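Below is one structure, written out as structure tokens, with a few remarks after it.
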Amino acid sequence: MGLHCSQLCIAASSACEVNKLSTIFVIRESRITNMILKPQDVLITLKLVASGKAIQWRFNDLAIELDMSVSETHAGVKRAQRAGLVHVFDGRLQVSLRALEEFLLHGLRYVFVPDRGEITRGLPTAHAARPIASHVVTNEEPPPVWPSSEGPVRGLAFSPLYKSAPQAALRDATLYELLVIVDTLRGGRARERKIAASELSRRLADYER
């Protein structure tokens, strides 16, 4: 009888821990989604990661790099701040790495689900592009691509995180790789997502250097 009660107590304690962790995640996710976080806000944050911690961006320059209007860029930064993905330190925009990684790994694919379409010309992404492509075995399926007349390959249309992401990626190889990682997290298979998670961790660590 005593052993049975002890087992029940352990089970109840474990359930409480799981519920506690679930509650923390739900609160964070609610905080992000209630801010009406938009895909361009994530694109802006990824650009900050790609450029490194030491760069001090002006809204005008950031907007040009991302093919966005200045007002759109300013609003995106403000939403990212309210969601806890970025903050201001010593007069510079800084990425909140832990919050960003948590959101990209556990929330992104449920919030910004990719649309897939027909065969088209475009820029390769997800498992068809660096850095994921070198870790997976290719098959006969057409590669996922961002539709673009400038694209070098034909494949299945895969909607980019934001409409200006392909142009921004062509300007910045590091940003391109981050977007490929993010697309893998959004729409890749389980093994591909695991690879993407590892590649993401490496690049977030590079941001601190």
Side-chain angles (χ1 to χ4, degrees), residues 20-114 125 131 146 159-186 196-209:
K20 182 179 178 181
L21 290 173
S22 298
T23 300
I24 291 172
F25 183 71
V26 167
I27 289 172
R28 183 180 288 277
E29 287 300 290
S30 175
R31 181 185 175 193
I32 289 176
T33 54
N34 284 342
M35 293 295 178
I36 318 179
L37 194 71
K38 297 183 178 181
Q40 60 263 43
D41 311 342
V42 180
L43 175 60
I44 292 168
T45 306
L46 293 176
K47 179 64 178 180
L48 296 178
V49 174
S51 58
K53 194 173 184 178
I55 301 298
Q56 185 171 2
W57 284 100
R58 296 186 306 171
F59 285 114
N60 284 17
D61 297 331
L62 194 56
I64 291 170
E65 283 290 310
L66 296 175
D67 263 9
M68 295 165 56
S69 69
V70 175
S71 60
E72 186 178 26
T73 304
H74 185 269
V77 168
K78 292 303 180 183
R79 285 190 298 268
Q81 282 184 273
R82 291 198 298 271
L85 300 183
V86 301
H87 61 277
V88 176
F89 178 76
D90 197 22
R92 295 177 179 173
L93 281 174
Q94 303 283 292
V95 179
S96 303
L97 296 178
R98 185 174 178 182
L100 176 63
E101 185 172 25
E102 182 181 333
F103 176 63
L104 294 180
L105 294 180
H106 304 296
L108 184 76
R109 70 190 182 108
Y110 301 107
V111 180
F112 303 129
V113 180
T125 188
W146 298 324
S159 63
L161 177 66
Y162 186 61
K163 60 185 180 182
S164 67
Q167 285 298 326
L170 288 175
R171 293 193 183 99
D172 184 341
T174 303
L175 177 61
Y176 193 161
E177 291 194 357
L178 281 168
L179 288 167
V180 166
I181 290 168
V182 163
D183 278 356
T184 306
L185 294 172
R186 291 168 68 214
S198 176
E199 291 290 341
L200 176 65
S201 293
R202 285 178 51 204
R203 282 156 178 76
L204 293 182
D206 287 344
Y207 172 78
E208 292 283 10
R209 294 174 186 155

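Predicted model only: the values in this text are computed from it and were never measured. In this chain, numbering begins with 1 at the start of the sequence shown.
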What distance separates [X] [atom1] from [Y] [atom2], expressed to the nearest 0.5 Å?
X	Y	atom1	atom2	result
Leu175	Lys47	CG	NZ	5.5 Å
Gln56	Gln94	CD	CD	9.5 Å
Met68	Gln40	CE	CD	5.5 Å
Ile44	Lys78	CD1	NZ	11.5 Å
Asn60	Ser69	CG	OG	10.5 Å
Arg202	Glu177	CZ	CD	9.0 Å

Closer than 3.5 angstrom, by distance alone: can the side chain of Tyr207 be matched with the main-chain N or O of Leu97 as a donor-acceptor pair?
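Not a single qualifying donor-acceptor pair exists.
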Do [X] and [Y] make a side-chain contact, defined as non-hydrogen atoms from C-beta onward lying under 4.5 Å apart?
X	Y	value
Leu179	Leu46	yes
Trp146	Gln167	no
Leu178	Asp172	no
Arg171	Asp67	yes
Leu66	Leu43	yes
Arg203	Pro131	yes
Val88	Leu93	yes

Any chance you could lay out the side-chain contact (heavy atoms from CB on, under 4.5 Å) test for Leu100 and Thr45, step after step, and finish with the verdict?
CA-CA 8 Å; Leu100 176 63; Thr45 306; 3.9 Å; yes
Taking all non-hydrogen atoms of both residues, which atom of [X] and which atom of [Y] are closest, and how far apart?
X	Y	answer
Val95	His87	O-CE1, 3.9 Å
Asp41	Gly76	OD1-CA, 3.1 Å
Leu105	Ala197	CD2-CB, 3.6 Å
Ile55	Trp57	CG2-NE1, 3.5 Å

Set out, in order, the CA-CA distance, both residues' side-chain angles and the distance that settles side-chain contact (heavy atoms from CB on, under 4.5 Å) for Ile181 and Leu104, then state yes or no.
CA-CA 10 Å; Ile181 290 168; Leu104 294 180; over 6 Å; no
Under 4.0 Å between a Lys/Arg side-chain N and an Asp/Glu carboxylate O for Arg186 and Asp183?
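A salt bridge is present here (some side-chain N lies under 4.0 Å from a carboxylate O).
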salt_bridge(Glu102, Arg98) N-O dist < 4.0 Å:
no
For side-chain contact (heavy atoms from CB on, under 4.5 Å), just list the numbers for Phe103 and Val111, CA-CA rounded to whole Å, side-chain angles, deciding distance to a tenth of an Å, and then say yes or no.
CA-CA 10 Å; Phe103 176 63; Val111 180; 4.3 Å; yes
Passes side-chain contact (heavy atoms from CB on, under 4.5 Å), Leu48 versus Val77? Steps please.
CA-CA 10 Å; Leu48 296 178; Val77 168; 5.9 Å; no
